[in-house]
Amino acid sequence: MSDWYQQFTTTAPGRIAARRLGLPRPAILRRYRPGQPLLEGPALVGGASGGRLAAMIASLLKGAGVDVRGEPPTQPSPTGGGRPADHWGAIVFDATGITDVGQLAQLHAFLAPAFRNLGPCGRLLLLGTTPESCREPARAAAQRALDGFVRSAAKEARAGATANLLYVSEDADHGVESTVRFFLSARSAYVSGQVLRAGAGKPAPTADWERPLAGRVAVVTGAARGIGAAIAETLARDGAHVVGVDLPAQGAPLAEVVNQIHGTAFQVDITHQDAPARLAAYLRERHGGVDVFVHNAGITRDKLLVNMRDEQWATVLAINLESQLRINAALLEGNVLRKSGRVVCISSTSGIAGNRGQTNYAASKAGIIGMVQALAPAMAQRDTTINAVAPGFIETAMTKAMPLATRAVGRRVNSLSQGGLPVDVAEAVAWLGQPGTAGVNGQVVRVCGQSIVGA
Ligand code: NAD
């Protein structure tokens, strides 16, 4: 599934042609490899005065072997604070101390000079206080301003660099390590312009950041190919035992995927009446329960609304949405999902923005978001979480089937000017699946390179 244009722009004639014609030059993104350092250069860490998180982030990064400059709390300076570096691997700014609009100038003063030196595939991470928790209008306004700031900075970032914002509620300061690591590392290669909220939770300690899912049992539906196969492989790489689920007709490719990762296969049509009960019974008997359940199986049956047949409507809603509701009910009723359990549901940017010819698909994917938000409080009470991942344009069989022109445009209309890979979705799922990612609950994380499609 090669992107010939991206390859062309890595050649000398391609570079020259793209520059002369003002066309995008999609960077080759830095993706995670086991053993890779967290960052590819030093980190500049700073913050507005009175911030809660900069010192903690600096010590967390030092613990991860990162060269940290700009000892916090940093007084903003015209040179961008800290000792300069040729290329920052990451710039982290703690804006939690900002309580009014005037103080936002500290953000500008710190980042305006430093952002220029953000290296290829570097990371800008802003930390703020959840605006909904700010009672004073001036503080809420200033904190919410970070949202517009980071989405714009992400559009200005160059050479594969990303910018994201993490709002941390005041009771969640010590539960954000897995999330900070995700946003700074190469695991979030195709996540940019995103705003995430972390609340209180009970994060389980992570003994080994290379294998944060060690000892956990994970289920992935639709694991025989595409994004599901990548999720299965990534969860196994991170230490989980993976049970891959797919249709009996996909038995051979499913076996190939699970055999490679020493997992197990479970063949079932997830829309069958007894599928949730069978799955729950299998997980209880074989594994004593499950830690991570990934609802990935999904289909498209695209037609304009006026041409859509009943069967095309019903099949998409049944596979993409109703099966998830029924399986979740079975996991919770039977206490099959263990403490620190994580449910991750694959939605789509189509479910956020809508898409021509996809009334059925977009309805199913938006419905997933409704389900995740409604279930989140009950999940938190059990020390578990549920979140949605909404991929944008990902290079798979699904997108290969698109008409040529639609595919060519779909790939390019995002801040990274390229399609994502299945592994990019898988990395987000793996992070949300970690026992340490306890405070992220009821959220939708887009893996779309900041596509212009969707909020
Ligand atoms: P895919 O068609 O390559 O794989 C889907 C898998 O689900 C297949 O192995 C299929 O056999 C399985 N499946 C389908 N119906 C099933 C059922 N009833 N029971 C059990 N298994 C079933 O799709 P993909 O591109 O890898 O997409 C995976 C998920 O990501 C889907 O939910 C899709 O909607 C979502 N998504 C994909 C993209 C993209 O660009 N490819 C974008 C946004 C969202």
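Values below: every heavy atom of this structure, side chains too, minus hydrogens, waters and symmetry copies. Both counts, for ligands and for their atoms, begin at 1 and track the order of listing.
- Contact annotation: for Thr399 versus ligand 1, heavy atoms closer than 4.0 Å belong to the side chain alone.
- Residue contacts with ligand 1 include Lys365, since one of its heavy atoms falls under 4.0 Å from the ligand.
- Under the 4.5 Å side-chain criterion, counting only non-hydrogen atoms from C-beta, Leu421 is not in contact with Leu29.
- Looking from atom 40 (O) of ligand 1 to the surrounding protein, the closest heavy atom is Ile394 N, 3.0 Å.
- Look at Ala223 and you'll find every heavy atom at least 4.0 Å from all atoms of ligand 1.
- Considering backbone and side-chain atoms together, Ile270 places an N or O closer than 3.5 Å to an N or O of ligand 1.
- Heavy atoms from both the backbone and the side chain of Asn296 come within less than 4.0 Å of ligand 1.
- When the heavy-atom distances from atom 22 (C) of ligand 1 to Ala297, Ala275, Pro248 are ranked, the shortest goes to Ala297.
- If you run side chain to side chain contact (heavy atoms under 4.5 Å, CB included) between His287 and each of Val336, Val243, Val219, only Val243 comes through.
- In this structure, atom 7 (O) of ligand 1 lies nearest to the protein heavy atom Gly222 CA, 3.3 Å.
- When only modelled atom types and interatomic distance are considered, Glu311 and Thr315 share a side-chain donor-acceptor pair under 3.5 Å.
- Residues Arg225 and Glu256 are not paired through a salt bridge, judged by the lack of any N-O separation under 4.0 Å between the basic side chain and the carboxylate.
- Of the protein's heavy atoms, Tyr361 OH, 2.6 Å lies nearest to atom 34 (O) of ligand 1.
- Counting only distance, with no hydrogens or angles, the side chain of Tyr190 and the backbone of Asp424 share no donor-acceptor pair below 3.5 Å.
- Nearest protein heavy-atom contact of atom 25 (O) of ligand 1 is Thr396 OG1, 3.1 Å.
- Closest to atom 30 (O) of ligand 1 among all protein heavy atoms lies Ile346 CG2, 3.4 Å.
- For atom 14 (C) of ligand 1, the nearest non-hydrogen atom of the protein is Ile299 CG2, 3.9 Å.
- The protein heavy atom nearest to atom 37 (C) of ligand 1 is Ile227 CD1, 3.6 Å.
- Under the rule for a ring pair (Phe, Tyr, Trp, His ring centres under 6.0 Å), the partners of Phe93 that lie at least two apart in sequence or sit in another chain are Phe110.
- Of the candidates Lys400, Gln267, Arg225, Arg225 brings a heavy atom nearest to atom 1 (P) of ligand 1.
- The aromatic rings of Phe182 and Trp431 lie parallel to each other, with less than 30° between the two planes, well short of the 60° mark.
- Proximity annotation for atom 5 (C) of ligand 1: of Gly298, Gly410, Cys345, Gly420, Gly298 comes nearest, heavy atoms only.
- Taking 4.0 Å as the cut-off, Val268 counts as a neighbour of ligand 1 on heavy-atom distance.
- Nearest protein neighbour of atom 43 (C) of ligand 1, counting heavy atoms only, is Pro391 O, 3.4 Å.
- For the pair Gln250 and ligand 1, the shortest N or O to N or O distance does not fall below 3.5 Å.
- At least one heavy atom of Gly392 lies less than 4.0 angstrom from ligand 1.
- Backbone and side-chain nitrogen or oxygen atoms of Asp246 are examined, and one is located within less than 3.5 angstrom of a nitrogen or oxygen of ligand 1.
- Defined by atom type and a distance below 3.5 Å, a donor-acceptor pair is present between the side-chain atoms of Tyr32 and Arg187.
- A donor-acceptor contact shorter than 3.5 Å is absent between the side chain of Gln36 and the backbone of Pro34.
- Side-chain atoms of Ser169 and Thr130 include no donor-acceptor pair closer than 3.5 Å.
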